[in-house]
Amino acid sequence: MTLKLSDILAAKRALLGRVARTPLVPAPNLSRKLGTDLHLKMETMQPTGAFKLRGATNAAAHVPAGTHTLTCCSTGNHGRGVAYAARALGRKAVVCMSRLVPQTKIDGIKALGADIRIVGASQDDALAECQRVAKEPGVEEISPFDDPHVIAGQGTAGLEILEDLPEVRTLLVPLSGGGLAAGVAVAAKAINPRVKVIGITMDRGAAMKASIDAGHPVEVEEVPSLADSLGGGIGLHNKLSFPICRDLLDDIVLVTEDEIYRAMQALFFEERHVAEGACVVGIAALMSGRIKKPDGPVATIITGRSVDMDQFMQVMTGQDIPLGDITLKGSSYAA
Ligand SMILES: *Cc1c(COP(=O)(O)O)cnc(C)c1O
């Protein structure tokens, strides 16, 4: 099966009034610094703080009648989306996460009344628990990225960018399991095949990149990152997000933790936006020169705001950041 623009247009109708149609805002200061016309799609303004609400809400609208509980594994933001969508439909939610998930994300999910299971130290462990839960009758699993309704839902973010800025030439999409990048690429390429869609992720544990290089889904080691929402594999039995990303993405670019750190500072000090490390990988790729200065307008998706505020303050004040085995050397932002 494959996904078409019509699926994304259907998702747009299903999401109407249930998720925010977020603004695409210019980033004048970053644009000046980078010498490029940069626009930001503010998914931080979703009620759950991240775009994942789009896919979760669209998938929740398509579960079989008689479903009383939705379950998922998550690095945090998908769980919050599923918990929100379940509550809106009067259903229960069971969210399975690993120990790597920051407390602030767990608190956000708890506040929506979901049942939380913390298991193991990786997304694979969380997925195993979720699949166990999903065996019970009346329980439906919603994949964070490998589900046609989830991908179509995420694709509406891309559709909206093309509606708001038809002249956009390059889309920089934070990439993990590839649900967002796949949906955005399907929408963008259908509307204007000349739009470049580039997936960006951190260089430590880049599962989609390793899988595309290998020609099939592979496992990578999951390590702590400033971009914690980009952690986890793509699933060894990936059916949809892998082939779509392989076929439609123009490139995948990797950025370092150090570059993510500077980009978080730049987004805050230049544009005054609070966002997670995962959101700024596109900005990091531009700042570091890992992407050649694009011709024409560029948009990147500021995917979520569920950042640990202690860590955020440490980055803004130039502190060192411990990340598992490594310590990221801090420094103050130099405007
Ligand atoms: C999930 C997530 C991503 C990556 O989305 P995928 O569909 O897994 O590629 C990027 N940013 C944030 C904040 C996320 O929560």
Side-chain angles (χ1 to χ4, degrees), residues 3 22 40-46 48-56 58-59 72-82 84 95 97 100-102 104-105 108-109 123 126-127 142-158 171-186 197-202 205-209 211-212 217 222 225-235 238 240-242 244-246 248-249 252 255 260 263-264 267 273-284 300-308 312:
L3 221 73
T22 58
L40 309 174
K41 176 69 169 164
M42 299 305 293
E43 288 301 300
T44 47
M45 295 175 78
Q46 291 295 349
T48 52
F51 75 91
K52 291 251 176 32
L53 184 60
R54 296 175 183 267
N58 195 40
C72 67
C73 67
S74 172
T75 52
N77 286 330
H78 177 60
R80 195 159 168 184
V82 167
Y84 188 97
V95 179
M97 293 175 285
L100 291 181
V101 173
T104 175
K105 292 194 164 113
I109 295 166
Q123 273 297 100
L127 176 62
I142 298 184
S143 162
F145 48 80
D146 200 25
D147 172 303
H149 298 303
V150 169
I151 296 174
Q154 320 302 33
T156 59
L171 299 177
L172 306 180
V173 186
L175 172 68
S176 175
L180 179 63
V184 166
V186 167
V197 184
I198 303 176
I200 328 260
T201 194
M202 73 284 201
M208 184 63 81
K209 168 86 171 125
S211 299
I212 289 176
E222 197 174 335
S225 168
L226 277 180
D228 55 86
S229 287
L230 302 184
I234 67 165
N238 188 300
L240 214 49
S241 66
F242 171 69
I244 297 176
C245 285
R246 181 193 60 202
L248 294 187
L249 293 186
I252 296 180
V255 295
I260 295 170
M264 284 177 80
L267 181 62
H273 296 308
V274 174
E276 301 181 30
C279 310
V280 299
V281 290
I283 295 169
T300 189
I301 304 178
I302 305 300
T303 43
R305 61 158 197 258
S306 293
V307 60
D308 176 278
F312 183 81

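For ligands, and for the atoms within them, numbers begin at 1 and follow the listed sequence. The first residue of the sequence shown is numbered 1, and numbering continues consecutively from there. These numbers come from a predicted model, not from an experiment.
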message = Polar contacts were defined as any N/O atom of the residue lying under 3.5 Å from an N/O atom of the ligand; does this apply to F145 and ligand 1?
response = no
Honestly, for N77 the part within reach of ligand 1 (heavy atoms, under 4.0 Å) is side chain
- Query: Under 3.5 Å, is there a donor-acceptor pair between the side chain of D146 and the main chain of L240?
  - Reply: yes
So for H78 against ligand 1, with non-hydrogen atoms under 4.0 Å, the contacting part is neither
Numbered in order shown, the ligand 1 atoms found under 4.0 Å of a heavy atom of G179 are 6 (P), 7 (O), 9 (O)
When distances are taken from atom 5 (O) of ligand 1, the protein heavy atom at minimum range is F51 CZ, 3.4 Å
In this structure, atom 8 (O) of ligand 1 is nearest to the protein heavy atom G177 N, 2.9 Å
The protein heavy atom nearest to atom 11 (N) of ligand 1 is T303 OG1, 2.7 Å
Ranked by distance from atom 10 (C) of ligand 1, the top protein heavy atom is L230 CD2, 3.4 Å
Quick look: Q154 vs ligand 1, heavy-atom contacts under 4.0 Å, and the answer is neither
* To do: For the pair S241 (side chain) and G177 (backbone), establish whether a donor and an acceptor sit closer than 3.5 Å, ignoring hydrogens and angles.
  => yes
So the atoms of ligand 1 within less than 4.0 Å of a heavy atom of S229 turn out to be 1 (C), 2 (C), 12 (C), 13 (C), 14 (C), 15 (O)
For E276, the atoms of ligand 1 under 4.0 Å from one of its heavy atoms are 13 (C)
Sorted by chain and residue number, the side chain to side chain contact (heavy atoms under 4.5 Å, CB included) partners of S225 (sequence neighbours excluded) come out as M202, A227, E257
Checking E276 side chain against S306 main chain: does a donor-acceptor pair fall under 3.5 Å? yes
Is the backbone N or O of L175 less than 3.5 Å from a side-chain atom of T201, with the two atoms forming a donor-acceptor pair by type?
yes
For residues T75 and L100, determine if any side-chain heavy atom of one lies less than 4.5 Å from a side-chain heavy atom of the other. no
Quick one, I301 and V184 - any side-chain contact, counting heavy atoms below 4.5 Å? yes
One finds that the ligand 1 atoms under 4.0 Å from a non-hydrogen atom of L175 are 9 (O)
The atoms of ligand 1 lying under 4.0 Å from a heavy atom of A278, numbered in the order shown, are 11 (N)
Backbone N or O of L53 within a donor-acceptor pair of the Q46 side chain at under 3.5 Å?
no
Checking heavy atoms under 4.0 Å, the part of T75 that sits near ligand 1 is neither
Does A50, backbone or side chain, put an N or O under 3.5 Å from an N or O of ligand 1?
no
**Prompt:** Does a donor on one side chain and an acceptor on the other come within less than 3.5 Å for S229 and K105?
**Reply:** yes
Among non-hydrogen protein atoms, atom 14 (C) of ligand 1 lies closest to K52 NZ, 2.9 Å
Checking T22, T48, N77 against E43 for side-chain hydrogen bond (donor to acceptor under 3.5 Å, both in side chains), the one that qualifies is T22
Can you tell me if G178 contacts ligand 1 (heavy atom of the residue under 4.0 Å from the ligand)? yes
Expected output: side-chain H78 to main-chain I142 donor-acceptor under 3.5 Å
yes
